[in-house]
Amino acid sequence: MGYIEPAPIKDKENPLQSMMSRFDAAARLVGISDEMYDILKVPARQVIVGLPVTMDNGSIRVFEGYRVIHSNILGPSKGGIRLDPAVHLDEVRALAAWMTWKCAVVDIPYGGAKGGIACNPREMSAGEIERLIRAYTVQMLDVFGPDRDIPAPDMGTGPREMAWIVDEYSKAKGMTINGVVTGKPLVLGGSLGRTEATGRGVTVAALSAMDKLRMNPYRATAAVQGFGNVGSFAAELLHERGVTVNAVSDISGGYYNDRGIDITAALAYRNANKGTLEGFTGAEKITNEELLALAVDVLVPAAKEDVITDENAHTIQARMIVEGANGPTSASADEIINSKGIMVVPDILANAGGVTVSYFEWVQNRIGYKWTLDRINRRADRVMKDAFDRVFETSQKYKVPMRLAAYMVAIEKVASTYTYRGGY
Ligand code: NAD
């Protein structure tokens, strides 16, 4: 199973609405016409399918599956498939739009999409999940395709599910087509470097921001919330680049050491301790709230959405926030953070290292040649650095925060491409 991303909590601010409100603000600043606004806001294609699946006890259950292609203006659409009981069309629609902006900001030739099936994979056997994924793939045969729409893992799915999609899709087409998904097992055409790609990109974004603020990484301090895929690689790589990581945290709480956490020891402890830092002794125990309020140079929220809100934004003392998670800062906190002069490297830029290496996976599948890890890392770092510079320049030019600038770069790119291509 891939990473389990927490579903949005209903009575809190909806991170997807937060995203749309920022899109609206950026669209106004870019000055696109009302017609273009409608083109960019309305999904290109929305598919809803019924999926009858034989359960292990012989009964048949019908699940509802979705795939929304928000945009294919820049190229084939890209986006994960999530399995979660809370999946519904509105959520998939908003997440698909998010993918459009994320791909555009890092300048990879993809549109945005998202898929989902309303189900609880934690209550299903591997066989039931496999039949569900295969049924979904068959229903999506005319949607998916390496030149049309390329799924990837999301909440509740991982390399195993991607392998089933490759298999079912390839059988239907009569040949192996592994470029139909990314996030596959390595033996099936997955890419080296994908696992650490998001945390690595977060590090490149943080170092680029430090450079702009004339901060020496060897004198800088950081706190990282979340010690899973994104957070632990970000902490490890920041540490490798000379940054003192004073605090890390996970669901069990925060761990603080004013001389710096021994990240190698923390990783070894987590790996030997069922994936959690609970009981880690190389640090003083603090709460996740206290971690967010530490007087460090770089704060990396890399756990979940909506952790910085209008209720705690005034306590943030970091000089910059580099968003490893999707939507960790709610829209209502933006103004407070901006008024404190804190630089925010937004999620659609900071955590785009993952989708960048997914793109490299697809490129390798298409050329039928496996790149070395060194080549992948060098190219991914360059993509992240160039994207950072583009967003930074826009933010300076229009005197807007980096978040708005990132949306402006993305909207401008998609809108101008549409103008060249033309409509009906
Ligand atoms: P993960 O499940 O591997 O790790 C999540 C970590 O956060 C775990 O250490 C968990 O214990 C911790 N956590 C959960 N709730 C917490 C809380 N309330 N306080 C502190 N820590 C808490 O997930 P991940 O893949 O690292 O993803 C983290 C975030 O990054 C998510 O928002 C995800 O959408 C986003 N993201 C992930 C990728 C990727 O490639 N994995 C790409 C882009 C964005």
Side-chain angles (χ1 to χ4, degrees), residues 5-23 25-26 94-95 98 101-102 198-199 201-203 205-206 209-210 213 220-228 230-232 234-235 238 245-256 286-352 391 395 400-407:
E5 187 184 313
I9 298 162
K10 287 228 165 44
D11 58 355
K12 282 172 99 185
E13 203 171 331
N14 182 340
L16 306 171
Q17 276 164 10
S18 295
M19 188 267 289
M20 289 318 284
S21 73
R22 285 142 173 175
F23 164 74
L95 290 166
W98 206 331
W101 314 132
K102 196 180 279 196
T198 306
V202 167
T203 307
M210 280 187 226
L213 298 184
T221 56
V224 180
Q225 185 188 52
F227 207 59
V230 180
S232 68
L238 282 169
V245 180
N246 282 137
V248 295
S249 74
D250 68 8
I251 194 79
S252 70
Y255 301 83
Y256 174 80
I286 57 172
T287 64
N288 262 297
E289 273 302 307
E290 285 168 336
L291 178 141
L292 293 174
L294 287 174
V296 286
D297 295 306
V298 186
L299 174 63
V300 181
K304 53 185 286 230
E305 74 288 347
D306 264 345
V307 292
I308 301 171
T309 65
D310 52 357
E311 282 166 25
N312 65 357
H314 62 277
T315 67
I316 308 281
Q317 299 187 66
R319 288 177 66 191
M320 70 171 78
I321 299 172
V322 184
E323 296 184 336
N326 282 327
T329 311
S330 63
S332 62
D334 278 355
E335 212 171 304
I336 306 169
I337 298 287
N338 293 340
S339 70
K340 288 167 75 101
I342 299 169
M343 184 196 235
V344 178
V345 187
D347 48 9
I348 58 165
L349 169 61
N351 71 31
V391 172
S395 106
V400 295
M402 290 280 284
R403 187 186 310 284
L404 221 46
Y407 278 96

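In this text, all values refer to a predicted model and were calculated from it rather than measured experimentally. Excluded from the calculations below are hydrogen atoms, water molecules and symmetry mates; all remaining heavy atoms, backbone and side chain alike, are included.
- Scored by the side chain to side chain contact (heavy atoms under 4.5 Å, CB included) test, Glu289 finds Thr287, Leu292, Asn312 as partners (sequence neighbours excluded).
- Counting heavy atoms of neighbouring residues, nucleotides and ligands inside a 6.0 Å radius, atom CD of Gln317 exceeds 12 of them.
- Residues Val245 and Val224 come closest through the heavy atom pair CG1-CG2, 4.3 Å.
- Looking only at side-chain heavy atoms (C-beta outward), Ile308 and Pro328 stay at 4.5 Å or farther from each other.
- For the atom pair Thr309 OG1 and Ile336 CD1, the distance stands at 8.0 Å (nearest 0.5 Å).
- Taking the ring-ring contact (aromatic ring centres under 6.0 Å, His included) definition, one finds that Phe23 meets it with Tyr37, Trp101, sequence neighbours left out.
- Nearest heavy atom pair, residue Ala350 against residue Val322, reads CB-CG1, 3.8 Å.
- With sequence neighbours left out, Tyr255 forms a side chain to side chain donor-acceptor pair (under 3.5 Å) with Ser252.
- For Ala406, the side chain to side chain contact (heavy atoms under 4.5 Å, CB included) partners at least two apart in sequence or on another chain are Val105, Pro346, Ile348, Val391.
- In terms of heavy atoms, Gln225 sits closest to Val307 at OE1-CG2, 3.4 Å.
- Counting heavy atoms from C-beta outward, Asn326 and Leu95 have side chains that stay 4.5 Å or more apart.
- Among all heavy-atom pairs drawn from Leu294 and Ala223, the shortest one is CD1-CB, 4.1 Å.
- In plain terms, the two heavy atoms of Ser249 and Asn288 that are nearest each other are OG-OD1, 2.6 Å.
- Partners of Asn246 by side chain to side chain donor-acceptor pair (under 3.5 Å), not counting sequence neighbours: none found.
- Between Val230 and Asn351, the closest side-chain pair of non-hydrogen atoms is not below 4.5 Å.
- Within the model, atoms NZ of Lys102 and OH of Tyr407 stand 9.5 Å from one another, a figure rounded to the nearest 0.5 Å.
- The side chain to side chain contact (heavy atoms under 4.5 Å, CB included) search around Ala25 returns Arg28, Leu404, not counting sequence neighbours.
- Although no hydrogens or angles enter the test, the distance criterion places a donor-acceptor pair under 3.5 Å between the side chain of Asp347 and the main chain of Gly327.
- Scored by the side chain to side chain donor-acceptor pair (under 3.5 Å) test, Thr221 finds Asp297 as partners (sequence neighbours excluded).
- Note that CE of Met343 is 11.0 Å distant from CE of Met210, once rounded to the nearest 0.5 Å.
- The minimum heavy-atom distance between Met320 and Ala206, with the atom names listed, is SD-O, 4.1 Å.
- In terms of the side chain to side chain contact (heavy atoms under 4.5 Å, CB included) criterion, residue partners of Asp334 (sequence neighbours excluded) are, by chain and number, Arg22, Thr329, Asn338, Arg403.
- Side chains of Pro401 and Val344 form no contact here, defined as non-hydrogen atoms less than 4.5 Å apart.
- The shortest side-chain heavy-atom distance between Leu291 and Leu299 falls under the 4.5 Å cut-off.
- Residues passing the side chain to side chain donor-acceptor pair (under 3.5 Å) test with Ser232, sequence neighbours excluded: Arg270.
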